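As the structure is a computational prediction, the values presented were derived from the model and not from experiment. We count ligands from 1, going down the list as the structure has it; atoms in each ligand are counted the same way.
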Amino acid sequence: MLEEMGLTPIWRLREDSTVVEPPPAAADAATYHPPSTIHHPPQPATGDRRGEIMRLEWKGLKARVAGCTDCPLHANRNKAVFGVGDENADWLFVGEGPGADEDAQGEPFVGQAGKLLDSMLAAIKLKRGANVYIANVVKCRPPGNRNPESAEALACEPYLHRQIDLIRPKLIVALGKVAAANLLASDASVASMRGKVHDYRGTPLIVTYHPAYLLRTLQDKAKAWADLCFAVRTMEGLHGGEAAVAEKA
Ligand code: SF4
């Protein structure tokens, strides 16, 4: 697993920060408090559609996505990729959108990037489907694996919003620029957003690199590892009761 990450033998989940230094803001991990003013991402103008989606439960939401034709991305999809995992997960990982493999299989992160994500999860003792949910900003594959356009991401945003409301994760990990930009309504770089605990509607969120990017940019795998360690410490801080995040009922 660590060999796959290109970091063996130095990847170790431990307190010793001499291996890979965490980002400078890592000390904030246990001190997250939801902001009194939450800055919501921009909302689609179609209020009725949004309201309808926000009232759906899992079954209806999955069916709505499977048959969705609400943006141009539906035209070339094979399968809409709803998301996968534990619907009561503490951990939510959010990527960009389906690629060719995901479009064919209807599951997120099943290609090479998916293998790397699974290795990343294993490195912090997590496993797909076990207290982990994986979703994307857009549910249908953008042609040629281009980034989703803002109108497409905006059209699909209520689905992810509703998924997050239903899952009620304790921590969201945004994988890459597109996920971070859409969840945080920010145009900042991943480099500038990592190492901090952000907020998505009252849920702490951290940013790291997308596995597909890491496959192309091996030198940033160490940074991704530091981000995962930061995420673990942030989650531990939440479990320690330091953060004012409401417990699940
Ligand atoms: S990307 Fe989202 S909004 Fe667009 S057609 Fe697919 S499910 Fe619908």
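Judged by the 6.0 Å distance and 45° axis criteria, Arg49 is positioned over the aromatic ring of Tyr159.
Arg168 contributes atom CZ, which lies 11.5 Å from atom CG of Asp90 (distance to the nearest 0.5 angstrom). How far CE of Met193 is from OG of Ser186: 4.5 Å, rounded to the nearest 0.5 Å.
Neighbouring protein atoms of atom 6 (Fe) of ligand 1 (N, O or S, distance under 2.8 Å, waters ignored): Cys140 SG.
Here the two rings, on Phe93 and His210, have centers that are 6.0 Å apart or farther.
The main-chain N or O of Cys140 is never found under 3.5 Å from a side-chain atom of Arg77 such that the two would form a donor-acceptor pair. No donor-acceptor pair closer than 3.5 Å links the side chain of Asp103 to the backbone N or O of Gly99.
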